[in-house]
Amino acid sequence: MTTKPTIVMAGFALALAGACGGGANDVLNVGGDAAADTGTDTDTDTDTDTDTDTDSDTDTDTDSDTDTDSDTDTDTGTSACVDEDSDWWCVPEDCDDSDPDVYPNAPEIPGNGKDDDCDGATDEGTDVDPCGTDPNCASVSVGPSGDPPTGFALPGDTPSPDNVGADGVARDTDGYLGLDNSHAAFDFLWVADDTSYNVGFVSKISTTPFATAPKYREVARYVTVTCLSNGADGSNEGVVLGQAPAAALCADGEHGCCTRSEAQPGPNSKHQAVQVVNNRPSRTAVDFNGDVWVANRAFDGQPSATKIANSLTDCVDRNGDSLIQTSSDVNGDGIITTDCNNDNLPDNASTVCVPPNAHEFYGLDDECVLFTVNTGLPSTMGRPLALGPGTDGVFGASDAWAGTWTDGKFVRIDGKTGQIKQSVQILAQAGISPNPYGAVVDRYGILWAPNEAQYALFYFDTENPSNQGMVQNPLGGGGFYGIAVDGYSVDNPDGGPDVEIQQIWLGEVTGSGAYRYRPIRNQGFAGLALGTWAHATFGATAQGRGIGVDDRTPVSFVWVALDGAVTGPASIGRIPTNISDGTTTMTAGDLFATGQLTTLGAGVAFDRDIWGINQGSSSATHFSVDPSGNVTMPPDTIPLDDKPAAAENFCNPGVPTAYCKPHPYTYSDFTGFGLRNFTNPHGEYTWIQEGCADGTTTWLKVLWDSALPPNSSITVSARTADDLTGLKTATWYGPYPVSPAELDKAPGPVLPNPAKLLQARFEFTTKDKLSSPKLKGFQITYDCNTSK
């Protein structure tokens, strides 16, 4: 059965013409039978009934009309209707199928002279002026449906507006805002450089091609810890990055190189020290703000997780000079120089470069490395890392789930504060101990974590961690490695939107391919253990490592890194997400050589091109991929070794086996594509409004005009302050689910009020990747009272 949605359109003075009534389009769907066909066929079509359509119904269906098709209108065609104005309603229910703003149950729009809701009355129950009779009331109107109509400004416009923010939304051909997958702020790879200088860094690579060579570039590089997590108490304590500290750090547990939070208290029941050598980072994860988390394994040392800001506006001016000291590709050569004075140690803020070298790396002085959190006991190895909703839900800073390999524990780190707010011990199942090697959180809030080189896939409910389980692969082959979730869905047997299954994909180490686990999603937590397995094999000796999934239609693909069994030629393998249960042997046409050594990571960029991360070659590989999933050009290679002429042990020349070059080791969701597209597709648009020029401003309402397909929404949240600094950290109130958002009522009241500034946040969500909510316009009203 096709269900027709209600579209919420709570707007203001729309200057659109038209009236309820006839027209050529109004007769398209009124020719159905009222009862079962009988008698002689006297029409001119090819069926056996007496109506003028072309079906052969006998009125034995179970939908709400009287014909035999599977929709709810009164025609007899096999589709629901012909919707001429694309408002998801058809005649006769839609009393004007040439006007998308007119349909049953639409809100009446003030002053437009139309029967918006098709109830036979015009402008009933509306207030033309949202300020009413209040002489102090003022308003601002924004958007194509505003009065007067305006365009929606976006941050990428020229000139760039200073009061607008946007993420995951774009203007359509009508000028309306809708969800969009081209997230400019997310066009980066975040690659963990495992062994750099015996410390460990993370490289930020732009996935947007440049007009001049090099086409793809590393644009920043960061150390994966900071000694300045704790504001005034933080200090680098004379640390020379790349060398072991001369004395114990953070000795009193409060001052110096201390962690922001920790799995157990440090000295004097305060903080533990941050480890500054041998951090050996591997997994990275990009959150809903575009910021990155990186997990430090640290092997025999202290595991940790660090958060790094993507945008300069979120970095911290720690030295108070009104500038942000941070890494960037100053000379535009596509690779970050980490040793500009040629002393075989990484640079910091005080380094004096040797010409013509540029100062591009700031080490422990980098002001975009926000904080470090110690995630487990020493020697427990911080391997798995996954992101999920934070304090503000899916919007804003994501919470990080960081795990330790040897003891099977996870901690949940608040994405805003860096404080550990929850600890979860995974329990042994069926006699198998948990040793989580990676992790992913699906849209249902289930965290999945495989044991490496075994057949055990553990999982627990992040909202109720006492709900735990484990499933095992029955198909044979190699063990598990990287992990990803997809957007696979099936038809809803009850009608309505498809049911999202969220299949789990695992790279096959010691084999050559990947596994797919398809859980049962409609039988509660217990159903998660009742799923089915598939095995895709390439039949070669190359091991399956990292894994990423795209969202192409009609068929999406899994992309798995095949490392060449460490020493052989490496490649990326392609697997359709709809493969059948059991074992499927892939073809040579599904293998794409990287031309590099030891490809460990495979990821999907936001333009849906594919990237490989090559440990043996210290490089990244880019594949251009068309909408059908075909690789269209030879791969591009992006080098990450900024000292190619130096020996491998340049940072520790007395140790022949020392590794000083990057050797990237990343195979998690290092672009954020999986989190954004599969865990929770969403977008947001923010607007900062100044109040009255004189006197006080009391904020009254936010009204908005939207079109909502099934299973989508636009909600509004608001916050206020007297200046931009205060606004940045102010509390969000909301979300208000329907217009108008009356700011003095629940889920408010919005405080402080009066205030000089208001920021409105419009949040777009959908459970259907083929449709998007649309924001057509909004209005903010406020009261100016010079006597207050």
Side-chain angles (χ1 to χ4, degrees), residues 189-205 217-227 236 239-245 274-284 292-299 301 303-306 308 326-329 333-349 351 357-366 368-369 372 382 596-598 600-601 613-620 638-653 655 657-668 670:
L189 310 177
W190 295 84
V191 180
D193 297 325
D194 180 14
T195 55
S196 293
Y197 291 92
N198 199 37
V199 177
F201 298 158
V202 61
S203 289
K204 181 180 182 180
I205 300 173
R217 304 179 185 181
E218 182 188 24
V219 295
R221 196 179 297 197
Y222 308 91
V223 65
T224 62
V225 293
T226 179
C227 293
N236 289 347
V239 168
V240 176
L241 195 59
Q243 298 180 353
V274 169
Q275 179 164 310
V276 293
V277 294
N278 293 315
N279 281 305
R280 303 297 303 276
S282 60
R283 287 64 163 173
T284 61
V292 69
W293 292 79
V294 56
N296 294 300
R297 290 171 293 166
F299 291 101
S304 63
T306 294
I308 302 170
T326 190
S327 178
S328 64
D329 185 19
D333 65 354
I335 191 168
I336 298 300
T337 298
T338 57
D339 178 19
C340 71
N341 64 350
N342 301 324
D343 66 354
N344 290 330
L345 291 172
D347 300 334
N348 57 27
T351 300
N357 293 338
H359 195 178
E360 300 183 332
F361 184 79
Y362 285 79
L364 292 172
D365 297 319
D366 197 301
C368 290
V369 184
T372 297
Q596 303 290 292
L597 294 177
T598 325
L600 297 186
I613 307 303
N614 312 302
Q615 185 183 51
S617 302
S618 287
S619 65
I638 297 84
L640 296 176
D641 182 1
D642 63 310
K643 293 172 72 73
E648 178 66 65
N649 65 339
F650 71 83
C651 68
N652 199 350
V655 180
T657 58
Y659 289 91
C660 304
K661 299 199 174 189
H663 297 293
Y665 185 50
T666 295
Y667 51 88
S668 46
F670 53 83

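We're numbering straight along the sequence, starting at 1. Side chains included, hydrogens not; waters and symmetry mates left out as well; all remaining heavy atoms used. All values reported here derive from a predicted model rather than from experimental measurement.
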Where [X] and [Y] come nearest, the two heavy atoms and their spacing:
X: Pro303; Y: Gly382; value: CB-N, 3.4 Å
X: Asn279; Y: Gln275; value: ND2-O, 3.1 Å
X: Gly200; Y: Pro281; value: CA-CD, 3.5 Å
X: Cys651; Y: Pro653; value: C-CD, 3.7 Å
X: Arg283; Y: Ser668; value: CA-OG, 3.6 Å

Check whether any side-chain N or O of [X] sits under 3.5 Å from a backbone N or O of [Y] as a donor-acceptor pair, and report yes or no.
X: Asp366; Y: Cys368; answer: yes
X: Arg297; Y: Arg280; answer: yes
X: Asp343; Y: Leu345; answer: yes
X: Ser327; Y: Ala220; answer: no
X: Asp347; Y: His359; answer: no
X: Gln596; Y: Ala620; answer: no

So, do [X] and [Y] sit near enough that their side-chain heavy atoms are less than 4.5 Å apart?
X: Ile205; Y: Arg217; result: no
X: Thr224; Y: Val202; result: yes
X: Pro245; Y: Val276; result: yes
X: Val225; Y: Ser304; result: yes
X: Leu189; Y: Thr666; result: no
X: Phe201; Y: Leu241; result: yes
X: Leu640; Y: Pro664; result: yes
X: Glu360; Y: Asp329; result: yes

**OP:** Mind running side-chain contact (heavy atoms from CB on, under 4.5 Å) on Asn278 and Asn198 for me, showing each step along the way?
**Re:** CA-CA 5 Å; Asn278 293 315; Asn198 199 37; 2.6 Å; yes

For [X], which residues count as a ring pair (Phe, Tyr, Trp, His ring centres under 6.0 Å) partner, sequence neighbours excluded?
X: Phe650; result: Tyr197
X: Trp190; result: none
X: Tyr667; result: Tyr481, Tyr665

From [X] atom [atom1] to [Y] atom [atom2], the distance as rounded to the nearest 0.5 Å:
X: Thr284; Y: Trp293; atom1: OG1; atom2: CH2; value: 13.0 Å
X: Ser617; Y: Asp641; atom1: OG; atom2: CG; value: 10.5 Å
X: Asn296; Y: Ser282; atom1: CG; atom2: OG; value: 8.0 Å
X: Ile638; Y: Glu218; atom1: CD1; atom2: CD; value: 10.5 Å
X: Phe361; Y: Thr326; atom1: CZ; atom2: OG1; value: 10.0 Å
X: Gln615; Y: Asp193; atom1: CD; atom2: CG; value: 11.0 Å

If we count only N and O atoms by modelled type, under 3.5 Å, do the side chains of [X] and [Y] hold a donor and an acceptor together?
X: Thr372; Y: Thr306; value: yes
X: Asn341; Y: Thr351; value: no
X: Thr337; Y: Asp642; value: no

Subject >> Stepwise side-chain contact (heavy atoms from CB on, under 4.5 Å) test for Lys643 and Asn344 >> reply: CA-CA 9 Å; Lys643 293 172 72 73; Asn344 290 330; 3.4 Å; yes

**OP:** For side-chain contact (heavy atoms from CB on, under 4.5 Å), just list the numbers for Thr226 and Val274, CA-CA rounded to whole Å, side-chain angles, deciding distance to a tenth of an Å, and then say yes or no.
**Re:** CA-CA 8 Å; Thr226 179; Val274 169; over 6 Å; no

**OP:** Show the numbers, then the answer: is there a side-chain contact (heavy atoms from CB on, under 4.5 Å) between Asn348 and Asn236?
**Re:** CA-CA 11 Å; Asn348 57 27; Asn236 289 347; over 6 Å; no

